[in-house]
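Quick note on labels: first sequence line is chain A, next is B, and so on, each numbered from 1.
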Amino acid sequence: MGNEEQSVMQKIVSLCKRRGFLFQSSEIYGGMNGCWDYGPLGVELKRNVKEAWWSEMVTHHDDISIPQGAASAFEMTGLDCSILMHPQVWKCSGHYDLFHDMMIDCKDSKRRYRHDQVRGRWALLDDKRVFVTAICEPEEEQEVLLARAQKCFGLRAKDRSRIRWDGDVVSLETVDDFEFVFGPDAKEAGSLTEPREFNLMFKTHMGALFDENSIAYLRPETAQGIFVNFKNVVDSSRVRIPFGIAQVGKSFRNEITPRNFTFRVREFEQMEVEFFCHPDSSQEWYRYWRDRRMEWYKKLGLSESRLILREHDSAELSHYSTGTADIEYAFPFLPEGEYGELEGIAHRGDFDLRSHMEGKLNPATDPLEVEVDERGKPVHRGSGKDLSYRDPVTNEKYIPHVIEPSAGADRATLAFLCEAYTEDMAPDEKGQLQGRVVLKFHPRLAPIKAAIFPLVKKDGMPEAAQDIYRDLKKEFPVFYDNKGAVGRRYRRMDEAGTPFCLTIDGQTLEDGTVTLRDRDSMDQTRLSVEEAKQVIREAIRC
RNA sequence: GCGGGUGUAGCUUAGUGGUAAAGCACCAGCCUUCCAAGCUGGCUAUGUGGGUUCGAUUCCCAUCACCCGCUCCA
């Protein structure tokens with residue numbers, strides 16, 4: 001593929017590898033699907049993304065002022081939970097049921113079904129006996145099954161009456177031999193595969209014994225660690241509602257199709273807040289967090305034209321959620337007009353805390369009820385612990401409602417990388433315009449804040465530059481380079497996204513001033529080292 | 001998971017059933033007073049595993065990874 005035909009995304013992937021932002025995991029052994037490693041520059045970039053998030057959410061949060069748009073002042077605190085948790089956590093959260101489906105593939109239609117959702121009925125025609133299946137609403141089941149049976153036997157409509165039924169409509173789970181099963185979208189019988197476990201949670205074993213009782217799961221989200229620690233945090237930290245608990249950490253999902261660089265991966269890092277509030281003010285808090293999170297991405301450089309806030313419509317919402325919005329970004333690997341999710345802000349009501357109290361709630365019920373088996377017992381028992389909150393002022397006791405802004409650290413990092421990638425023209429030594437690749441990171445996110453260059457490798461310039469390097473290094477991540485022409489060094493730093501370069505020349509030795517070169521404009525300014533430090537300080541603050 | 005495509009150096013590409021080529025990048029040195037200069041030298045590759053063959057990077061099979069489409073996206 002020629003350079004001109006390369007897509008923007010391919011160029012970004014190539015730059016990421018060339019400059020050490022991202023590598024394929026286990027590359028020397030052929031790579032690992034859906035796993036990526038952050039290189040020397042990438043780790044700094046991602047750390048800066050997470051640090052910008054954590055500092056805004058937790059360390060720099062002002063507990064006593066009322067932020068713009070907020071209903072009141074509120075507190076924010078942090079948490080770092082273990083990745084392995086009690087299996088019951090995932091049963092009550094709904095992940096166990098949702099992530100553990102037995103799936104069936106149709107070799108004919110290429111469709112996939114949940115084993116327990118496929119229903120059908122044994123149909124007889126002459127000496128033929130076929131289990132005819134369908135996926136449809138219960139009220140139209142009889143009609144659809146008849147139509148499918150007709151198709152299966154290759155009958156005309158007028159001959160439908162020749163079909164006889166053997167038994168009632170039952171689940172496909174009652175059928176052992178798939179050879180005589182007519183799939184819901186198949187053209188002939190026998191196209192369905194045996195049910196296969198589709199495990200979207202990573203399974204492992206605790207302890208040395210590998211048996212059913214030792215199964216543990218790698219967390220598929222960080223949120224549950226916060227919910228199960230809700231009581232611990234309330235009891236130990238004097239926080240009062242409204243307050244939020246933040247957590248950054250790895251989560252694992254056995255994605256069916258890892259795709260699009262680090263966008264859809266099997267091991268990823270989340271940045272989540274669970275914000276606990278009174279049910280009456282929850283809508284107000286939902287809007288607050290939705291809008292505030294959108295601003296965060298803009299503030300760190302994502303362009304407004306590539307970002308959208310997408311409110312889920314009622315069909316997309318779980319009914320217990322009274323609002324969910326996605327912050328989405330127009331990644332270059334997506335078709336024009338399509339966006340990929342960076343963060344979801346969900347109003348989760350009291351679903352999570354109640355599930356951990358009473359047992360897994362059935363999300364299809366309204367009001368929410370504990371999901372029970374045929375004997376009326378909870379399908380998954382809750383902890384039985386009281387996770388409600390007593391307001392110390394009003395003495396009101398209630399289960400808090402939860403607003404959940406849940407962001408992907410890797411997706412955010414990728415968005416910042418894509419946004420930063422720029423090709424422009426810059427003059428070379430002879431004044432000829434040459435193509436230039438530059439990563440225009442917000443200085444706050446840039447892995448290296450400034451590079452220190454002696455203009456040439458002689459006349460005491462390296463020594464003076466090294467002194468300045470050591471001085472700046474105490475405050476910023478800076479980089480020293482004395483190799484080759486200064487223009488080449490500038491371009492290298494452009495590809496690393498370094499916002500400033502300080503060049504030390506003969507005049508530096510006389511009056512202590514340096515040249516500060518700006519990455520984006522390539523403008524050069526003569527100023528003192530102190531002034532240059534101040535410029536960098538102000539740029540990385542936001 | 002299905003279908004199609006691709007896999008040669010750090011990157012981008014060339015080429016061949018018989019010693020694998022180049023540009024850029026990178027490293028060392030020289031030179032160099034502000035945007036990829038020049039000179040000298042150097043490092044580095046046929047994704048992995050089989051098969052066919054005297055000999056495979058090339059042909060075949062499998063596998064892995066990536067890309068595109070479908071599916072999935074809880």
Task: Separation of atom NZ in K483(A) from atom P in C35(B), rounded to whole Å - done: 21 Å
- [ ] Report yes or no: is there a donor-acceptor pair, N or O only, under 3.5 Å between the side chain of Y490(A) and the base of C34(B)?
- [x] yes
Open item on the list: Heavy atoms within less than 4.0 Å of RNA chain B: which residues of residues 517-536 of chain A have one? Give them sorted by number.
Closed with: R517(A), M522(A), Q524(A)
Open item on the list: By nearest atom, which of the nucleotides C11(B), C72(B), C34(B) is closest to the T257(A) side chain?
Closed with: C72(B)
- [ ] For U57(B) and G50(B), measure between their C1' atoms and round to the nearest Å.
- [x] 16 Å
Open item on the list: Please determine whether any donor N or O and acceptor N or O are separated by less than 3.5 Å between the side chain of T515(A) and the base of C34(B).
Closed with: yes
Open item on the list: Quiz question: by atom type and distance under 3.5 Å, do the side chains of R526(A) and T513(A) form a donor-acceptor pair?
Closed with: yes
Task: d(CE, M32(A); P, U63(B)) in whole Å - done: 17 Å
- [ ] Could you tell me the separation between the CZ atom of F453(A) and the C1' atom of U32(B), rounded to a whole number of Å?
- [x] 15 Å
TODO: Mind listing the residues from residues 340-359 of chain A sitting with a heavy atom below 4.0 Å of RNA chain B? Number order is fine.
DONE: none
Open item on the list: Counting the atoms with a prime plus P, OP1 and OP2 as sugar-phosphate, which does F23(A) contact under 4.0 Å by heavy atoms, base, sugar-phosphate, or nothing?
Closed with: nothing
Task: Length of the CD1-P vector between I28(A) and U48(B), whole Å - done: 12 Å
Open item on the list: Tell me whether the count of non-hydrogen atoms from other residues, nucleotides or ligands lying under 6.0 Å of CE in M9(A) goes above 12.
Closed with: yes
Open item on the list: Could you tell me how far C11(B) sits from U16(B) if I compare only their C1' atoms? Round to whole Å.
Closed with: 23 Å
Task: Side-chain N,O (R488(A)) to OP1/OP2 (A25(B)) below 4.0 Å - done: yes
Open item on the list: Quick check on U32(B): is either OP1 or OP2 less than 4.0 Å from any side-chain nitrogen or oxygen of K458(A)?
Closed with: yes
Open item on the list: In whole Å, measure the gap between the C1' atoms of C24(B) and A37(B) for me.
Closed with: 15 Å
- [ ] Compare side-chain N and O positions of N33(A) against OP1 and OP2 of C64(B) and report whether any pair is under 4.0 Å apart.
- [x] no
TODO: With sequence neighbours left out, write down each residue that passes side chain to side chain donor-acceptor pair (under 3.5 Å) with H347(A), or none if nothing qualifies.
DONE: S282(A), T322(A)
TODO: Could you work out the separation of U46(B) and G41(B) based on their P atoms and round it to a whole Å?
DONE: 26 Å
- [ ] Please determine, for the side chain of L455(A), which listed nucleotide (U33(B), A74(B), U32(B)) has the closest atom?
- [x] U33(B)
Open item on the list: Does C68(B) have its OP1 or OP2 closer than 4.0 Å to a side-chain nitrogen or oxygen of N260(A)?
Closed with: yes
TODO: Take atom CG of L22(A) and atom P of C66(B), then tell me their distance rounded to the nearest Å.
DONE: 13 Å
Task: Pairs flagged by ring-ring contact (aromatic ring centres under 6.0 Å, His included) wherever residues 485-523 of chain A is involved - sequence neighbours left out - done: F453(A)-Y490(A)
TODO: Would you classify M9(A) as touching base, sugar-phosphate or nothing, given that sugar-phosphate means primed atoms plus P, OP1 and OP2, and contacts are heavy atoms under 4.0 Å?
DONE: nothing
Open item on the list: Does anything in residues 515-536 of chain A form a ring-ring contact (aromatic ring centres under 6.0 Å, His included)? List the pairs, not counting sequence neighbours.
Closed with: none
Open item on the list: Before we go on, tell me: are the rings of F202(A) and Y217(A) under 6.0 Å apart, centre to centre?
Closed with: no
- [ ] Kindly give the heavy-atom pair with the smallest separation between I504(A) and I468(A), and that separation in Å.
- [x] CG1-CD1, 3.6 Å
Open item on the list: Measuring only the C1' atom in each nucleotide, how far is G69(B) from A74(B)? A whole number of Å is fine.
Closed with: 23 Å
Task: Interatomic distance, R259(A) CZ vs U71(B) C1' [rounded to whole Å] - done: 10 Å
- [ ] May I have the distance from D37(A) (atom CG) to G10(B) (atom P), rounded to whole angstrom?
- [x] 17 Å
Open item on the list: Quick check on K473(A): does its NZ atom have over 12 non-hydrogen neighbours (other residues, nucleotides or ligands) under 6.0 Å away?
Closed with: yes
- [ ] Between D459(A) and R436(A), just flag the one whose closest nucleotide in RNA chain B comes earlier from the 5' side.
- [x] D459(A)
TODO: Counting heavy atoms from C-beta on, name the nucleotide in G10(B), C66(B), C34(B) closest to the side chain of R18(A).
DONE: G10(B)
Task: NZ/NE/NH1/NH2 to OD/OE distance under 4.0 Å, K533(A) and D471(A) - done: yes
Open item on the list: The side chain of R264(A) is closest to which nucleotide in this list: U33(B), C11(B), C72(B)?
Closed with: C72(B)
Task: Nucleotide-level pairing of RNA chain B, given in dot-bracket where Watson-Crick and G-U pairs need both distances under 3.5 Å and | marks other strands - done: (((((((..((((....[..)))).(((((.......)))))....(((((..]....))))))))))))....
Task: SB check D97(A) K360(A) (cutoff 4.0 Å) - done: yes
Open item on the list: One thing to verify: whether E269(A) and K46(A) come together as a salt bridge, which I'm taking to mean a side-chain N less than 4.0 angstrom from a carboxylate O.
Closed with: yes
Open item on the list: Could you check whether R310(A) pairs with D326(A) (Lys NZ or Arg NE/NH1/NH2 to Asp/Glu carboxylate O, under 4.0 Å)?
Closed with: yes
TODO: Pick the P atom in G10(B) and in G3(B), then give their distance to the nearest Å.
DONE: 33 Å
Open item on the list: Please report the distance separating the P of U63(B) from the corresponding atom of C68(B), rounded so that it comes out in whole Å.
Closed with: 22 Å
TODO: Please find out if less than 6.0 Å separates the ring center of F263(A) from that of F331(A).
DONE: yes
Open item on the list: Would you measure the distance from the C1' atom in C26(B) across to the matching atom in A45(B) and give it in whole Å?
Closed with: 15 Å
- [ ] For K17(A) and C67(B), give me the distance from atom NZ to atom C1', rounded to whole Å.
- [x] 16 Å
Task: Evaluation steps, salt bridge (Lys or Arg N to Asp or Glu O under 4.0 Å), between K449(A) and E44(A) - done: CA-CA 11 Å; K449(A) 308 305 181 193; E44(A) 296 299 336; over 6 Å; no
Task: Check: A74(B) base within 3.5 Å donor-acceptor of E255(A) side chain - done: yes
